[in-house]
Amino acid sequence: MKCFAVIGNPIDHSLSPRIHKLFAEQVGIKLDYRKQKVQSGELSDEITRFFTNGGSGLNVTVPHKQAAYALCDDLSPRAKLAGSVNTLYMNEGQLIGENTDGVGLVKDITDNLEISCQKAKMLIIGAGGASRGIIEPLLAESPRSIDIVNRTFSKAAKLAKIFKKLGNIRALSFDELLSDYDIIINASSSSLQQDLPAVPEKCLASGQLAYDLMYADSATTFMSFAAQAGCKQQADGLGMLVEQAAEAFAIWNGYQPETKTVIACLRQ
Ligand code: ATR
């Protein structure tokens, strides 16, 4: 039986084993998928041990995505731009890193929520690793523009510079934000602290979709704020989680699983 795992810290609440088991049942294969708590100092040894023992694929989650990137022998073009990896496998003795987070987000927005990114005016809040992982796949959808805003402006400016050659992206201060964004994505970790980024309500008032990369049992702080500001629809990151897992599953097993029923099952 093929063995997989997700490594991170904390890891107890990870839904990945459940998601991959549901995918496996769907396509009629048997697999073992575990979650493993790994401290930063153990990351390299744990990855080596996992693949030496015959493991087929590893998912990497917070806080190891950037450190795992640095350990890879080769990277997909997408992972290179993201500067982080969430999916690892071996190919001819080489450790290969992929990043499926951004594609997962785009699939959730376009396929599940049925909102087009094409020609959309987008705002991304936050300029950490999560933001960097989603920018290239979002730009590949040909939005009209992406504005990026962050508590620490210099980090937003740095990201805009990295991705400028791929599309219409710029960094703005909170004061400079527009009032007609279509899609507003919270990629900051503010909701983890039940906090809100300093985005004025006007930025969400004519929004079609406010998307929080975090997920929770009920609406996140950002989703509630967006609803109050007049944004038409709000979503948390559960769909993205399932979609990024589906992309990893397809890379490892050669089957593209169906995701909508899995998302519905997890929501119950
Ligand atoms: P990740 O890899 O999950 O993106 P990170 O690199 O620590 O995590 O980045 C977290 C992002 O959320 C950063 O953009 C951070 O802003 P700073 O760059 O100013 O630190 C942002 N962030 C975290 N807490 C926030 C809060 N309460 N309000 C606004 N932004 C917040």
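Since the structure is predicted, the reported quantities are computational estimates derived from the model, not experimental observations. Just follow the structure's listing: the first ligand is 1, and inside any ligand the first atom is 1.
Within a 4.0 Å radius of atom 20 (O) of ligand 1, the protein contributes one or more non-hydrogen atoms.
Counting the atoms of ligand 1 from 1 in the order shown, those under 4.0 Å from a heavy atom of A127 are 14 (O). Shown in contact with D195 at under 4.0 Å from a heavy atom are these atoms of ligand 1, numbered in order with element: 26 (C), 27 (N). In the vicinity of G126, heavy-atom distances shorter than 4.0 Å reach the ligand 1 atoms 14 (O). Residue-ligand proximity, G128 to ligand 1, at heavy-atom distances under 4.0 Å covers atoms 4 (O), 6 (O), 9 (O), 14 (O). Close approach to T152 involves these atoms of ligand 1, each under 4.0 Å from a residue heavy atom: 17 (P), 18 (O), 19 (O).
Considering backbone and side-chain N/O atoms, Q66 never comes within less than 3.5 Å of an N/O atom of ligand 1. An N or O contact shorter than 3.5 Å links G129 to ligand 1 by distance. Looking at ligand 1, you won't find any N or O of P197 less than 3.5 Å from one of its N or O atoms. For the pair A130 and ligand 1, the shortest N or O to N or O distance falls below 3.5 Å.
A salt bridge links K65 with D101; the closest basic N to acidic carboxylate O contact falls under 4.0 Å.
Checked by atom type and distance alone, the side chain of D74 never pairs as donor or acceptor with a backbone atom of I96 at under 3.5 Å. Remark: the backbone N or O of Q39 is not paired with any side-chain donor or acceptor of N9 at under 3.5 angstrom. Side chain of K202 to backbone of L177: a donor-acceptor contact under 3.5 angstrom is found. In this structure, R34 contributes its side chain and P17 its backbone to no donor-acceptor pair below 3.5 Å.
In this structure, the side chains of K2 and W252 stay at 4.5 Å or more apart for every pair of heavy atoms.
Checked by atom type, the side-chain pair T220/D212 shows a donor-acceptor distance below 3.5 Å. Side chains of S84 and N99: a donor on one and an acceptor on the other come within 3.5 Å.
Neither the backbone nor the side chain of K65 comes within 4.0 Å of ligand 1, counting heavy atoms alone. Counting heavy atoms under 4.0 Å from ligand 1, residue N150 touches it through the side chain alone.
In this structure, of R151, M214, K155, the residue bringing a heavy atom nearest to atom 31 (C) of ligand 1 is R151.
Residue, atom and distance of the protein heavy atom nearest to atom 24 (N) of ligand 1 are Q193 NE2, 3.2 Å. Ranking the protein heavy atoms by distance from atom 23 (C) of ligand 1 puts S189 OG, 3.2 Å first.
Under the side-chain hydrogen bond (donor to acceptor under 3.5 Å, both in side chains) rule, Q244 has a single partner from N86, T87, N59, which is N86.
Below 30°, between 30° and 60°, or above 60°: for H20 and F249 the angle between ring planes is between 30° and 60°, a tilted geometry.
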